[in-house]
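Take a look at the structure below.
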Amino acid sequence: MAIERYNPREVEPRWQKAWDEARIFEIDNDDPKPKYYMLEMFPYPSGRIHMGHVRNYAMGDVVARYRRAKGYNVLHPMGWDAFGMPAENAARDNNTHPKGWTYSNIDTMRRQLKSMGLSLDWSREFATCDVEYYHQQQALFLDFLEAGLVYRRKSKVNWDPVDMTVLANEQVENGRGWRSGAVVEQRELVQWFFRITEYATDLLESLDELDGWPEKVRLMQRNWIGRSRGARVTFPLVERQDGTADSIVCFSTRPDTLYGASFLAISAEHPVALERAESVPELREFIAECRKLGTSAAEVEKAEKRGFDLGLTVAHPFIEGKQLPVYAANFVLMDYGTGAVFGCPAHDQRDLEFARKYGLEVTPVLAPLDAPDQPVAVSDTAFVDDGVLINSGPLSGLRKDAAIEKAIEILAGKGLAVAETNFRLRDWGISRQRYWGCPIPVIHCDDCGVVPVPKSDLPVRLPDDVLFDKPGNPLDRHPTWRNVPCPVCGKEARRETDTMDTFVDSSWYFARFTAPRADTPTLPATANAWLPVDLYIGGVEHAILHLLYSRFFTRGMQATGHLDLKEPFRGMFTQGMVVHETYQIDRDGRPEWLAPTEINISEKEGGRSAERIGTGEPVRIGAIEKMSKSKKNVVDPDDIIATYGADTARFFMLSDSPPERDVIWTAAGVEGAHRFVQKIWRLLGESASQLAAIQAGAADQGAAGDLSRLAHKTVSAVATDIEKLAFNKAVARIYELVNALAAPLSEVRAGRATPEMQAAVKQACEYLLRILAPMMPHFAEECWRLIGKSTMIALEPWPAHDETLIAEDLLHLPVQINGKKRADLAIEASAGPEEIEAAVLALDAVCLALDGKQPKKVIIVPKRIVNVVI
RNA sequence: GCGGACGUGGUGGAACUGGUAGACACAAGGGACUUAAAAUCCCUCGGCCUCUGGCUAUACGGGUUCGAGUCCCGUCGUCCGCACCA
């Protein structure tokens, strides 16, 4: 009997509607089942979803549907990270309004996501640009302000001259804005800051307990927070200047090397240098040059270590009468430590280079551990390993670590040192001079200063009537919005026109999902019940910023009583990108990119070649790269879903490539996935009536037993694979099960199968569909109907596999002779070591090799292997 | 420069805690069905040889072990993060 091909275009919308109408993914906070919070990073509504979204949400949906089948109450929400610059750029370029542009993009992308058949609770959807959301964010801001977690200060900021806004340190990459790519300038502005450094130690140390996170991400955060323990050491100036300074304080992680110090280097921005510059024109010039110095990797690499002798000297804190010269140096950063370091050339490579250049002394004060009496000859490589102190007065003879403590202890007694820990992490500057963001809810009054907007006056709404005809912040130019009476004295005052960094919006949305309509930021009891997120999936590009900010925010929300936990994400996973080949032709001598839809690829034994559709021009097949519009190597999810259906797209995304690695999108791969869908449809469809009629029964004998065992094994292994997110392995096992089902199914169809075999086949088919359902939900529903079921497979529990059925009664043991495989042994699983050894020694291959002699040793690894050593 | 990850067929990748290397898939080649094509089905598919068998093979060179893709040392290469952080 011929069966029609499976038609996802008809089937998928029908099941989406059925799920929707049954509201099976809308969940109840009071459900007594154990909770599971599955979250994928919410998208920025840029216009259309891309394949990266498809991959991310396909993976998340497998886990959500699997957990639901396993009996969990699964929270699986979706929203929109909807504030941000592209909306303003679009407004400027296309004469639209950011709001209209954003919400219309959301509508498009919501439709696209719905066409994927994701098991999302859409009743909890929100966008961060919804007034209701940023209202609560403003309330949080006020609470943070009151708790001292927000402050305002004048600071040097990273100014992006293209986007005309301030960037956080985290948003500057190699001296360029992360979005615009423009070279960032330094400006002095009054800015709002979140006091993330308050939690530096906690954020660092808690990483140790986040064992559900990739080690790589934890490491990146550790490095970013960048703790270093050391000491502040005071070097008194020998001749006081006219000004205020009478000493220079250095931060050092190696106070043990103080006896080897031969100079001080301070930042060009250091107050002592600036003061000195007032009377020394050459120094002014030097400082100006330092300011110009780029911070990009390449520039730093080749920038020469340069110094300017300030003509000042400081007293050595240990050695009576010894004086050290003070340099301003281009490699000392003002915003780390104290902006001043002491140089110990023998034990620091950079100091050594500096010392060689300016002819300063190089005094080794550490000897290697294995030759503590041998003075190290330092020529052009500093000795930086652990060692034993020499020529160091009271420190001599101590190991490095002990010497560090001793040095601090002695100097502390003289009031010249204090132990200190420094962090690389800076406070988080959140002021943005933009319109399309959450307004910072404060008012500036000439008399009362900075006044928080009373909570009863929230939300501070963004005005709709703004113009984007000029660069800069339209809120500044709005005729009336800024003007507001002071909440304290009633006098005319001005609203803050800065809005918040959009990273603030995404720092707490996961908590809002637990009670998205509450008129407080969270309902604490509800948030506590759902959080932490059990599994959070997103791109590795957020490994530092977003995840660190969210961890900070959770702590801040705990401090202000909005929830009661520190770590928002128990499990975390970073998925790889979707990449694609690139194609080029030469047009008038210049290379031009072609889209995959514009070319034809042919594959022969000799290799692959491509030509342009229509013209037949030969096409160069280029590198495999991240899908991007500029290289035209993008594949539109809408097209794929229209052609193959969402299930095929989802299944292909899960196949082959491990989820943390990049997946290469190929037409052949998608077609392969689609063929598999049709194959199952055909196999089941051809035997559908027979399958529906089979009665359940025992299926544990002979060939039926083998099939039954495979089905149980597959169920168990696929569950483990999904829990480990090894979707590619789960897919491979499903292929194996289907391959094994083909022949028995045709026996069933032909009416030749024994009752036992029939029962085994029926059970295997049902198991197959139930484990396939998280990956290909629509298709599984349709097949479930096909074999005569009337329930919804989305509501079916995960099959309960039987461990005892998985156990084999006959073992196949490979037999090695001297480590090389020579034979196989089939033996009862219950056989003991003696029986196995006897059976092995009776094998022809073994007898032949032994040639009548006794083996030296027989190694039997239970259920694994036997090795006969001769 | 510092820190980390990785290196397996033509390709994506499997291989548990050291135990049969190459599961599963893609591509390719051959065949069946067909007037033909598509679809489908069957076979071959790391390399070499004296081919019902054997040798060799997991970037390269050593080592530990009865046994190494897996552990250790060294070399080379690729990718990622940070970057004048004292």
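Proteins come first, then strands; the chains are lettered A, B, ... in the order of their sequence lines, and each starts at number 1. Here the structure is a predicted model, which means the values were calculated and not measured.
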G-U wobble or Watson-Crick pairing nucleotide for [N] (cut-off 3.5 Å, both distances):
N: B:rG3; result: B:rC80
N: B:rA39; result: none
N: B:rA27; result: none
N: B:rG9; result: none
N: B:rA59; result: B:rU75
N: B:rA21; result: none
N: B:rG53; result: B:rC49

If the cut-off is 4.0 Å, is [X] near the phosphate of [N], judged by side-chain N/O to OP1 or OP2?
X: A:R733; N: B:rC24; answer: no
X: A:N728; N: B:rA14; answer: yes
X: A:Y336; N: B:rA86; answer: yes
X: A:S655; N: B:rG12; answer: no
X: A:R222; N: B:rG4; answer: no

Report task. Decide, yes or no, whether a salt bridge links A:E581 with A:R608 under the criterion of side-chain N to carboxylate O below 4.0 Å. Result -> yes
Nucleotide nearest [X] (side chain, heavy atoms from C-beta), chosen from [options]:
X: A:R682; options: B:rU20, B:rA86, B:rC41; result: B:rC41
X: A:P658; options: B:rC41, B:rA14, B:rG19; result: B:rA14
X: A:K729; options: B:rA27, B:rA14, B:rA86; result: B:rA14
X: A:A668; options: B:rC84, B:rC26, B:rG19; result: B:rC26
X: A:I859; options: B:rA83, B:rC24, B:rC66; result: B:rC66
X: A:F331; options: B:rC84, B:rU20, B:rC24; result: B:rC84
X: A:L219; options: B:rA27, B:rG4, B:rG12; result: B:rG4
X: A:N867; options: B:rA14, B:rC26, B:rG19; result: B:rG19
X: A:I664; options: B:rG12, B:rU20, B:rU56; result: B:rG12
X: A:V332; options: B:rA83, B:rA86, B:rG19; result: B:rA86

Requested in this report: May I have the step-by-step check of side chain to side chain contact (heavy atoms under 4.5 Å, CB included) for A:R227 and A:T421, ending in yes or no?
Outcome: CA-CA 7 Å; A:R227 175 163 69 184; A:T421 299; 3.4 Å; yes
Query raised in the report: What's the verdict on side chain to side chain contact (heavy atoms under 4.5 Å, CB included) for A:T666 and A:F652, showing C-alpha distance, side-chain angles and the deciding distance?
Result: CA-CA 10 Å; A:T666 62; A:F652 173 59; 4.2 Å; yes
Please report the distance separating the [atom1] of [N] from the corresponding atom of [M], rounded so that it comes out in whole Å.
N: B:rG31; M: B:rG67; atom1: C1'; value: 42 Å
N: B:rC72; M: B:rG18; atom1: C1'; value: 13 Å
N: B:rA68; M: B:rU78; atom1: P; value: 30 Å
N: B:rU11; M: B:rU17; atom1: P; value: 27 Å
N: B:rG30; M: B:rA23; atom1: P; value: 23 Å
N: B:rA83; M: B:rG3; atom1: P; value: 16 Å
N: B:rG81; M: B:rC73; atom1: C1'; value: 27 Å
N: B:rC24; M: B:rU35; atom1: C1'; value: 38 Å

Considering every strand and a 4.0 Å limit on heavy-atom distances, what is the contact class for [X]: base, sugar-phosphate, or nothing?
X: A:D824; result: nothing
X: A:S657; result: sugar-phosphate
X: A:F251; result: base
X: A:R675; result: sugar-phosphate
X: A:V341; result: base
X: A:K216; result: sugar-phosphate
X: A:K820; result: sugar-phosphate

In whole angstroms, how far is the [atom2] atom of [N] from the [atom1] atom of [X]?
X: A:I601; N: B:rC26; atom1: CD1; atom2: P; result: 17 Å
X: A:K724; N: B:rA14; atom1: NZ; atom2: P; result: 13 Å
X: A:M220; N: B:rC82; atom1: CE; atom2: C1'; result: 9 Å
X: A:I860; N: B:rG67; atom1: CD1; atom2: P; result: 17 Å
X: A:E837; N: B:rC66; atom1: CD; atom2: C1'; result: 14 Å
X: A:I865; N: B:rA68; atom1: CD1; atom2: P; result: 11 Å
X: A:D256; N: B:rA86; atom1: CG; atom2: P; result: 13 Å
X: A:D662; N: B:rG12; atom1: CG; atom2: P; result: 12 Å

What is the ring orientation for [X] with [Y], classed by angle as parallel under 30°, tilted 30 to 60°, or perpendicular over 60°?
X: A:Y583; Y: A:H580; value: perpendicular
X: A:F286; Y: A:F308; value: tilted
X: A:F354; Y: A:F331; value: perpendicular
X: A:F651; Y: A:Y735; value: tilted
X: A:F235; Y: A:F342; value: tilted
X: A:Y327; Y: A:Y358; value: tilted

Report task. Name the orientation of the base relative to the sugar in B:rG62: syn if the glycosidic angle is within 90° of 0, else anti. Result -> anti
Report summary line: Which of A:L741, A:L737, A:V715 passes side chain to side chain contact (heavy atoms under 4.5 Å, CB included) with A:L710? Answer is A:L737
Query raised in the report: Hey, which of these two, A:R822 or A:E736, hits RNA chain B nearer its 5' end, going by closest nucleotide?
Result: A:E736
Requested in this report: Nearest-nucleotide wise, let me know which of A:V540 and A:F423 is further upstream toward the 5' end of RNA chain B.
Outcome: A:V540
Query raised in the report: Looking only at N and O atoms, is any donor in the side chain of A:R864 or the base of B:rC16 less than 3.5 Å from an acceptor on the other one?
Result: yes
